[in-house]
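Data block below; observations after.
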There are 2 protein chains.
Amino acid sequence: MSMQSKPSMPVIKRLPRYYRYLGEMENEGVVKVSSSELARMMGTTASQVRQDFNCFGGFGQQGIGYNVKLLREELGKLIFSREPIPTILIGAGNLGHAMANFLKKDAQGFELLAAFDVKPEMVGLTLCDVPILDTQALADFCAEHHPKVAVICVPREAAMQAAQQLIDLGIRGFWNFSHYDFSIEYPDILVENVHLGDSLATLSYAVNNDL
Amino acid sequence: MSMQSKPSMPVIKRLPRYYRYLGEMENEGVVKVSSSELARMMGTTASQVRQDFNCFGGFGQQGIGYNVKLLREELGKLIFSREPIPTILIGAGNLGHAMANFLKKDAQGFELLAAFDVKPEMVGLTLCDVPILDTQALADFCAEHHPKVAVICVPREAAMQAAQQLIDLGIRGFWNFSHYDFSIEYPDILVENVHLGDSLATLSYAVNNDL
DNA sequence: AGGCAGTTGTCAATGTTTTAACACAGTGGC
DNA sequence: GCCACTGTGTTAAAACATTGACAACTGCCT
């Protein structure tokens, strides 16, 4: 039970998937699981599974395997905070709607407080039970509610403009759907990019080159 | 100008980003660029940039750098096919709407032919100029139009059910937003996963652990 | 009780990706 | 024309990630 080494990015990126599979198993009533079975689901080796968990101190029992419920709880503690992270949405367009929906219904660990948009006809409406506010009101809102994460669903130009303000207002984390790369210009923040265009392009490459 | 070695996955994943940056530069009228400048934008080293391009034969000129327009064109040829890939959308819900929009307006290399949904009230409507059809009509539609890629915007259970049928109907590539992992059960297809939940969880881990 | 089959934690070996180093090509000043 | 300067293509080294191997442990069967 010794913390082996600081988890590397590939390990961290696998955690949510372990967590997801374990959730499915728990729903199906599975009690214990072996590293080799998890490996089969993940498409990797048992060795990697064990080593991944060992970065965090190893949650298994020798000779037995891993307790599904316990392991999931431990991973949950690593991934999610005790309190949901207060979050705002920038850009209540098509994509913004879908992501608000996702945050409210399918995601855990985040609490959507409000959405912001520049379009006057949007302001005043609600989106999944949260108000759509004018971007003008952003500073006041943040001063009062201290959101920690912003979901960026505006085009590149708007994201560029908003970046400095959001950081100044105390936002530390970004779930970024825009084509603007925050991390380049502001190194001290946490950005999770979802570059849909890049993802599609990768698929295109794969289809083209028959990978 | 010698093809060095088969490009590895990390290289391929970087190509769309190079392509994106080069597009921005071209718009700004930049004519030439050096590997070190590209490296600064990408957040990596000049060495990596040069090596990445060399997988495909090296598009630069010694002593000069890279011609922005030329390099972008070459990368474009690698990533995209001559003809847009005929594509269908499965699931015309909130997310499906956003992705149809994205495919039509922001993406290149794909042509959205139709959307499919099981909800009767959806069927018959249009979505970004393409018809929303009943899932029942899927087989006939594919027989006639031969789509090559499907965008999966339905929940896990529906994706599981649809998987075999879509593959049988000749779909080779999937842009998958569901929590169902195609690649595990069907190895001979091309899947680009966009696991929004996993992405959010990664952000949560980062915020929690202050990475 | 003892051996066997199954499983984890851990360390070593292997494979892959990134970074560094350097020879060589082109450009511009003189 | 020659020399310094810039910057690529390419090879080698370093860093990193995955896989293999094995001791330690458990439960079960005889």
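Letters A, B, ... are given to chains in the order of the sequence lines, protein chains preceding strands, and every chain is numbered from 1. Just the heavy atoms: all of them, side chains too, but no hydrogens, waters or symmetry mates, feed the values below. Note that the structure is a prediction, hence the values are computed from the model and not measured.
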Do any pairs count as a salt bridge (charged side-chain N to carboxylate O under 4.0 Å, His left out) and have a residue in [range], sequence neighbours left out, and if so which ones?
| range | result |
| --- | --- |
| residues 168-187 of chain A | A/Arg172-B/Asp210, A/Asp181-B/Arg20 |
| residues 53-69 of chain A | A/Lys69-A/Glu73 |
| residues 34-58 of chain A | A/Arg14-A/Asp52 |

What is the separation between atom [atom1] on [X] and atom [atom2] on [N], rounded to the nearest whole Å?
| X | N | atom1 | atom2 | result |
| --- | --- | --- | --- | --- |
| A/Asp52 | D/dA17 | CG | C1' | 10 Å |
| B/Gln48 | D/dA15 | CD | P | 16 Å |
| A/Lys6 | D/dC16 | NZ | C1' | 17 Å |
| B/Phe53 | D/dG9 | CZ | C1' | 13 Å |
| A/Glu37 | C/dG6 | CD | C1' | 13 Å |
| A/Gln51 | D/dT19 | CD | C1' | 9 Å |

In residues 10-21 of chain A, which ones come under 4.0 Å of DNA chain D, going by heavy atoms?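 Residues of residues 10-21 of chain A that come under 4.0 Å of DNA chain D are, in numerical order, A/Pro10, A/Arg14.
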Answer yes or no: does a side-chain N or O of B/Ser47 lie under 4.0 Å from OP1 or OP2 of C/dA20?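 No, outside the criterion.
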Is A/Thr45 close enough to D/dG20 that one of its side-chain N or O atoms is under 4.0 Å from OP1 or OP2 there?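 It does not, given that no N or O in the side chain of A/Thr45 lies less than 4.0 Å from OP1 or OP2 of D/dG20.
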Tell me, please, which residues at least two apart from [X] pass side-chain hydrogen bond (donor to acceptor under 3.5 Å, both in side chains).
| X | answer |
| --- | --- |
| B/Thr135 | none |
| B/Glu24 | A/Arg156 |
| A/Asn208 | B/Ser81 |
| B/Ser183 | none |

Presence of donor-acceptor pair under 3.5 Å, side chain of A/Ser8 and base of D/dA17: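 When only heavy-atom distances are counted, A/Ser8 does not reach the base of D/dA17 through any donor-acceptor pair under 3.5 Å.
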About how many Å separate OG1 of A/Thr202 and CD1 of B/Ile12, when rounded to the nearest 0.5 Å?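 Taking CD1 in B/Ile12 and OG1 in A/Thr202, the distance rounds to 8.5 Å.
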Please write out the pairs of protein N or O atoms and N or O atoms of nucleotides 4-8 of chain D separated by less than 3.5 Å, giving the distance to one decimal.
{"from": "D/dT8", "atom 1": "OP1", "to": "B/Ser35", "atom 2": "N", "distance (Å)": "2.7"}
{"from": "D/dT8", "atom 1": "OP2", "to": "B/Ser35", "atom 2": "OG", "distance (Å)": "2.6"}
{"from": "D/dT8", "atom 1": "O2", "to": "B/Gln62", "atom 2": "NE2", "distance (Å)": "2.8"}

Any luck finding a side-chain donor-acceptor pair between A/Thr45 and A/Ser47 under 3.5 Å?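 Side chains of A/Thr45 and A/Ser47: no pair found under 3.5 Å.
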